[in-house]
Amino acid sequence: MTDRALGRQQAHAALDFFEDQHPPAGDFLRDALDGFAATPKRVPPVYFYDAKGSGLFDQITDLEEYYVTRTELSILDSIMPELAERAGPGAVVVEPGSGSSVKIRKLLDGLDNPAGYLGLDISKTHLINAVADLAESYADVSVGAVCADFTGGLNIDHLPLPEGRRVIFFPGSTVGNFEPDAARNLLKGFRNGMRSGDAVLIGADRVKDEARLVAAYDDAEGVTAQFNLNLINRINRELDGTIDAGALKHLAIWNSEKSRIEMHLEAKRDMRFAISGEHFEMKKGERIHTENSHKFTLASFSTLAESAGFTVTKTWSDAENLFTLFWLEPCWEA
Ligand SMILES: C[S@@+](CC[C@H](N)C(=O)[O-])C[C@H]1O[C@@H](n2cnc3c(N)ncnc32)[C@H](O)[C@@H]1O
């Protein structure tokens with residue numbers, strides 16, 4: 001057995017359970033072809049997160065300009081006793097889009113005897129390794145992982161999760177990557193599987209000074225540019241693409257009307273290329289739209305949560321109001 005396969009097997013063994021729901025990987029080709037045929041061109045952001053993209057995202061979270069992660073972590077630190085009280089003893093934390101499972105350590109350290117943790121992510125290798133590390137650190141907690149697409153709702157009721165109040169933890173303002181209707185559907189999907197007493201702890205990035213927002217998505221070291229261009233490298237590698245990534249420039253733009261940062265890749269010259277044998281052209285200056293990060297006010301996020309069937313029962317922000325954590329409970333009369 002290779003070292004890599006052995007490592008994977010050991011990581012699996014550390015978990016109480018692992019389920020692969022086989023999120024439809026085959027759609028990458030369809031989505032890329034449709035996206036490049038559209039005007040303007042686009043690629044859905046879910047494809048950022050192969051193993052390389054997940055690693056680059058981790059590097060982004062450490063950047064000076066990227067205030068999001070450290071601000072959210074500092075809020076978590078300051079509110080932990082209150083969170084422990086709200087969640088109560090023996091809670092089961094479910095984390096859709098768990099990524100590197102870093103923030104969850106704050107919760108597992110600070111909650112009152114948490115009974116379980118379920119990491120759910122579309123990026124399988126990264127998920128298994130990250131959740132296996134957690135399982136080793138928290139021997140008293142039942143730790144499992146599921147490779148799934150969270151946009152289809154959380155299909156987790158058949159999994160061997162411990163009994164206990166479930167807290168769905170959705171940090172990082174990942175909700176902001178969705179257009180308003182899709183964000184509402186995503187939250188409704190979370191809401192559907194919830195039982196009385198369950199709650200959502202969700203992080204949302206706030207509207208703020210434009211220069212600060214743009215810098216967070218266009219850092220001086222160019223890590224976010226690499227993250228953006230990784231999409232093109234993936235298309236070339238996995239979909240038999242011939243796109244010259246060096247001819248594309250990373251752009252981060254604040255769209256005030258839609259209250260979001262947009263990431264694009266702009267052609268530095270006229271380009272011709274193929275994806276799986278289909279031919280495309282880009283004119284100099286033409287863009288591929290790759291990501292949206294919506295930014296919220298307290299009011300706009302509350303309206304979104306309420307439209308998905310939740311009541312906002314508590315909010316916590318940092319002193320500069322850069323970021324807010326919301327505690328949502330299902331609104332049963334909705
Ligand atoms: C922005 S990262 C956030 C990671 C971590 N929760 C944090 O706050 O630092 C988003 C994570 O969601 C995962 N993800 C994105 N779209 C997904 C989807 N549709 N279904 C499941 N996971 C998804 C990615 O693989 C990535 O690990």
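Side chains included, hydrogens not; waters and symmetry mates left out as well; all remaining heavy atoms used. First listed ligand is number 1; within each ligand, the first listed atom is number 1.
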*Between V46 and ligand 1, is there a nitrogen or oxygen pair with a distance under 3.5 Å?*
no
*Has ligand 1 got any nitrogen or oxygen that is less than 3.5 angstrom from a nitrogen or oxygen of Y49?*
no
*Using a strict 4.0 Å threshold on nitrogen-to-oxygen distance, state whether E179 and K258 make a salt bridge.*
no
*asked:* With a heavy-atom distance limit of 4.0 Å, tell me whether E72 approaches ligand 1 through its side chain, its backbone, both, or neither.
replied: neither
_Among N233, N230, T125, side-chain hydrogen bond (donor to acceptor under 3.5 Å, both in side chains) partner for D50_ = N230
_Between K103 and E95 (salt bridge meaning N to carboxylate O under 4.0 Å), is one present in this structure?_
no
_Distance filter under 4.0 Å to K103 heavy atoms, resulting ligand 1 atoms_ = 7 (C), 8 (O), 9 (O)
_Atoms in ligand 1 with a heavy atom of A148 nearer than 4.0 Å_ = 20 (N), 21 (C)
*Is there a nitrogen or oxygen of D149 sitting under 3.5 Å from a nitrogen or oxygen of ligand 1?*
yes
*Using a strict cut-off of 4.0 Å, indicate which atoms of ligand 1 neighbour a heavy atom of E95.*
6 (N)
_Taking 4.0 angstrom as the limit and counting only heavy atoms of G99, give me the atoms of ligand 1 inside it, by number and element._
27 (O)
*For ligand 1, which atoms, with element, lie under 4.0 Å from some heavy atom of G172?*
8 (O)
*Mind checking whether F170 and F190 have parallel, tilted or perpendicular rings, split at 30° and 60°?*
perpendicular
*Judging by distance only, is a nitrogen or oxygen of I122 under 3.5 angstrom from one on ligand 1?*
yes
*Kindly confirm or rule out an N or O of G97 lying under 3.5 angstrom from an N or O of ligand 1.*
yes
_Carboxylate-amine/guanidinium proximity below 4.0 Å for E262 and R287_ = no
*If every non-hydrogen atom of P180 is compared with every non-hydrogen atom of H294, which pair is closest and at what distance?*
CD-NE2, 4.0 Å
*Looking at F57 versus F48, is the centre-to-centre ring distance below 6.0 Å?*
no
*Does E136 use its side chain to pair, donor to acceptor, with the backbone of A14 at less than 3.5 Å?*
no
*asked:* Could you tell me, atom by atom, which parts of ligand 1 come under 4.0 Å of a heavy atom of T174?
replied: 1 (C), 3 (C), 10 (C)
